[in-house]
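See below for the structure under consideration.
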Protein chains: 2
Amino acid sequence: MTIGQGDSEQVGFQVSPIEFRLDPASGVPTYLQLVHQVEHALRLGYLKPGDQLPKVRDVVASLAINPNTVSKAYRELETKGLIVGRPGQGTFILATLSQVALPELTGLRRSLRGWLAKADTAGLDESGIAALVASELRDFYERLGGSSTRSGAAEDETEGVA
Amino acid sequence: MTIGQGDSEQVGFQVSPIEFRLDPASGVPTYLQLVHQVEHALRLGYLKPGDQLPKVRDVVASLAINPNTVSKAYRELETKGLIVGRPGQGTFILATLSQVALPELTGLRRSLRGWLAKADTAGLDESGIAALVASELRDFYERLGGSSTRSGAAEDETEGVA
DNA sequence: CCCCCTGTCCTATTGTCATAAGACAACACT
DNA sequence: AGTGTTGTCTTATGACAATAGGACAGGGGG
């Protein structure tokens, strides 16, 4: 039972490997939160070309928002060339934003978890950690002025970790 | 009498120890960005009770925004009991949100900087780092459900990168 | 073929954000 | 007392976000 169309590859996930969440306190528009979450997943390799995004009506049901809001988010992602919507089938990933190999990313993730545990132990709560990270992240890239140790230029959107 | 503890000297800073910044791409309303920045500074100890915030008209001048927007931010902070506005004088910090002693926070900051450098070297750009941090931060507190693990002191430096 | 599912589009309405321009009230200093 | 500074408030206007409700178009399976 193959799900994939006659395309060159197969899917593997009928249900989406991503689950949207909303943070009403962030102040970020709903449609932008959806956009950011897809972009984040693309950067971290959680989503790859061919993967299917949640169906519009599913997102509507799970988040209790308006179809137009989801549509606006998907439209924005499609404009960027990241996804494509196919009526009757669903919405699918086209490109990737991943920059780092999986193993390296796993290492970074693990050490970051260690730091988080340490921050938690020190008494910082989620807001405090977010504040500290946001502060250092800003300082870090302010000091660099855009020049990374590697190469790479991208000045897309930035998302406050708050 | 005014609220100032001492009456002759309490200053030390005519100019505020905080400087507002705006990120138009974040989607966060301007007035909320100001609110968040003050709260962050309070959590990290950059601002303490008695400190003076930038004058409304100064913020207006430096950020090129409307006085009403700054006023809305300050009003929100005043409602929360964090600051107080005194006509003719300025706006001042009332409470603190700091949760961690300075030395511990400094340690956390240092190891975080190390991690950031490592992530940068690995090829992650600002957006990628923000994505990774946001992802792990969410996972971390999702797993805890709100219960912190603070018991002992943190002594081990986060792995790698000194 | 027909029906259902999918994404997409339309109009209208409501609420919030940000702006402009001006006025007022409390305080410090001369 | 008078002047200038500072925070606060009012009114009106334009833009955007999100909603409701309905309609249309492409694709697949019975």
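Convention: sequence-line order gives letters A, B, ...; per-chain numbering from 1. The basis for the numbers below is simple: all heavy atoms, side chains too, and nothing from hydrogens, waters or symmetry mates.
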Checklist entry - R75(B) side chain N/O closer than 4.0 Å to the phosphate oxygens (OP1, OP2) of dC9(D)? => result yes
Checklist entry - Are the side chains of H36(A) and E39(A) in touch, meaning some heavy atoms are under 4.5 Å apart? => result yes
Next on the checklist: Between P on dA28(C) and NZ on K55(B), what's the gap in Å once rounded to a whole number?
Outcome noted: 14 Å
Checklist outcome for this item: Readout for nucleotides 17-23 of chain C: B = base within 4.0 Å of protein heavy atom, S = sugar-phosphate only, - = neither; 5' to 3' it is SSBBB--
Checklist entry - Using the C1' atoms of five pairs at each end, what's the angle between the two axes of the helix from dC1(C)-dG30(D) to dT30(C)-dA1(D), to 10 degrees? => result 20°
Checklist entry - Hey, does T96(A) have a side-chain heavy atom less than 4.5 Å from the side chain of K48(A)? => result no
Checklist entry - What's the CG-P distance between L34(A) and dG7(C), to the nearest Å? => result 14 Å
Next on the checklist: Could you tell me how far apart Y74(A) (OH) and dT6(C) (P) are, to the nearest whole angstrom?
Outcome noted: 12 Å
Next on the checklist: A side-chain contact here means heavy atoms from C-beta on lying under 4.5 Å apart; do I83(A) and Y74(A) qualify?
Outcome noted: yes
Next on the checklist: For R43(B) versus L105(B), what's the shortest heavy-atom pair and its separation?
Outcome noted: O-CD1, 4.5 Å
Item to check | Length of the CD-P vector between Q89(B) and dG4(D), whole Å | outcome: 19 Å
Checklist entry - Quick one: are L47(B) and L53(B) in side-chain contact, heavy atoms under 4.5 Å? => result yes
Checklist entry - When all nucleic acid strands are considered with a 4.0 Å heavy-atom cut-off, which category describes E78(A): base, sugar-phosphate, or nothing? => result sugar-phosphate
Checklist entry - Do F20(A) and V70(A) have side-chain heavy atoms sitting under 4.5 Å apart? => result no
Checklist entry - Backbone N or O of A131(B) within a donor-acceptor pair of the S135(B) side chain at under 3.5 Å? => result no
Checklist entry - Are the side chain of T106(A) and the backbone N or O of L102(A) linked by a donor-acceptor pair below 3.5 Å? => result yes
Checklist entry - Do any N or O atoms from the side chain of E76(A) and from the backbone of L32(A) form a donor-acceptor pair under 3.5 angstrom? => result no
Checklist entry - Q52(A) has an atom CD; how far is it from atom C1' of dG27(D), in whole Å? => result 13 Å
Checklist entry - Does S71(B) put a side-chain nitrogen or oxygen below 4.0 Å from OP1 or OP2 of dG7(D)? => result no
